[in-house]
Structures are given as structure tokens and as C-alpha cells.
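Since we're looking at a predicted model, the values are computed, not measured.
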Amino acid sequence: LHPKIKDGSALLHAHTADYLQEIAKPVGFDELRALDADTYQSAGSYNVSRLASSAWLTGMEHVLKEGGSAFALSRPPGHHSSPSTACGFCTINHAVVCAG
């Protein structure tokens with residue numbers, strides 16, 4: 001399966017609009033933005049996190065349509081973040097996005 005970045009509406013199942021706006025703010029190429037003690041963003045972090053969520057969603061959609069199983073090997077892992085905070089290297093909670 002080859003996921004493509006989906007629109008951000010599914011992310012609202014897991015996160016507040018304010019939080020998503022915050023993590024979507026641009027980060028310079030040579031910068032790091034601390035979101036918490038463990039979690040930092042660099043220039044490509046937001047798009048990589050969105051692509052990871054898209055991979056999870058693509059896998060879930062495939063299983064629901066075709067049956068079988070799917071595995072999304074994604075970084076960041078995405079299971080620690082809460083609706084309004086990053087945590088444990090995770091900015092988007094991909095599992096909750098899929099459950100939404």
C-alpha cells in the first residue's frame with residue numbers, strides 16, 4: 001500500500017483544532033521546536049506525522065474493504081500524544097485518528 005497525505009479533517013478526531021494549528025506552524029530548516037521534554041519538531045516533522053497518520057488510515061481502510069491485516073511502520077509512533085499535547089516523541093495520535 002502506498003499512502004498519500006490525506007486532508008487534515010481526520011486529525012480532528014484525535015486532537016483539538018488549536019493544537020493542530022500549533023504543530024502545523026512552520027519550523028525553519030535549521031531549527032528545532034520543543035513541544036515537551038521528549039518531543040521536538042524540525043522542518044519536516046508535521047508533514048511526516050501527517051503521512052504516518054495517512055499510512056495508518058490507508059491500512060485500516062484496506063482491512064475494512066479487503067479483509068486481512070495491515071501494519072503501518074511509522075515514525076513517529078503516534079500513540080502517546082493527547083488531544084492538546086505532544087508526548088513521548090508523538091505529535092499525532094494515529095490510533096485515535098483511526099478510531100475516530
Quick one: do Leu51 and Val97 end up in the same hydrophobic cluster if we chain Ile, Leu, Val, Met, Phe, Trp and Tyr together by side-chain heavy atoms under 4.5 Å apart?
->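 No; tracing contacts between hydrophobic side chains, which count when under 4.5 Å, never links both residues.
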Side-chain donor-acceptor pair present, Asp7, Ser9, cut-off under 3.5 Å =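 The answer is yes; a qualifying pair exists.
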Would you kindly say whether Ser81 and Thr91 are connected by a side-chain donor-acceptor distance under 3.5 Å?
->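 There is no such pair (donor and acceptor under 3.5 Å, judged by atom type) between the side chains of Ser81 and Thr91.
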Under a 3.5 Å distance rule, please check whether [X] uses its side chain to pair with a backbone N or O of [Y] as donor and acceptor.
| X | Y | result |
| --- | --- | --- |
| Thr39 | Phe89 | yes |
| Ser53 | Arg50 | no |
| Arg75 | Ser49 | no |

Nearest heavy-atom pair of [X] and [Y]: which atoms, and what distance?
| X | Y | value |
| --- | --- | --- |
| Asp38 | Asp36 | N-OD1, 2.9 Å |
| Ala86 | Leu35 | CB-CB, 3.8 Å |
| Gly78 | Cys90 | N-SG, 3.1 Å |
| Ser74 | Trp56 | OG-NE1, 2.9 Å |

Min side-chain heavy-atom separation Asp18-Ser84 under 4.5 Å |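 When only atoms from C-beta onward are counted, Ser84 and Asp18 do not touch, as no gap falls below 4.5 Å.
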Heavy atoms, side chains only, cut-off 4.5 Å: are Lys25 and Ile23 in contact?
->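 No; the side chains remain at least 4.5 Å from each other.
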After noting the C-alpha distance and the side-chain angles of Val27 and Leu32, does the key distance pass the side-chain contact (heavy atoms from CB on, under 4.5 Å) rule?
-> CA-CA 7 Å; Val27 179; Leu32 286 177; over 6 Å; no
List the atom pairs, donor and acceptor, that lie under 3.5 Å between side-chain atoms in residues 57-68 and the rest of the protein, sequence neighbours left out.
from, atom 1, to, atom 2, distance (Å)
Thr58, OG1, Ser54, O, 2.8
Glu61, OE1, Lys6, NZ, 3.2

Would you mind telling me which of Arg33, Glu31, Glu22 makes a side chain to side chain donor-acceptor pair (under 3.5 Å) with Gln41?
->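 Looking at Arg33, Glu31, Glu22, the match for Gln41 under the side chain to side chain donor-acceptor pair (under 3.5 Å) is Arg33.
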Does anything in residues 1-32 pair up under ring-ring contact (aromatic ring centres under 6.0 Å, His included), and if so which pairs, sequence neighbours excluded?
->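 Qualifying pairs: His15-Tyr19.
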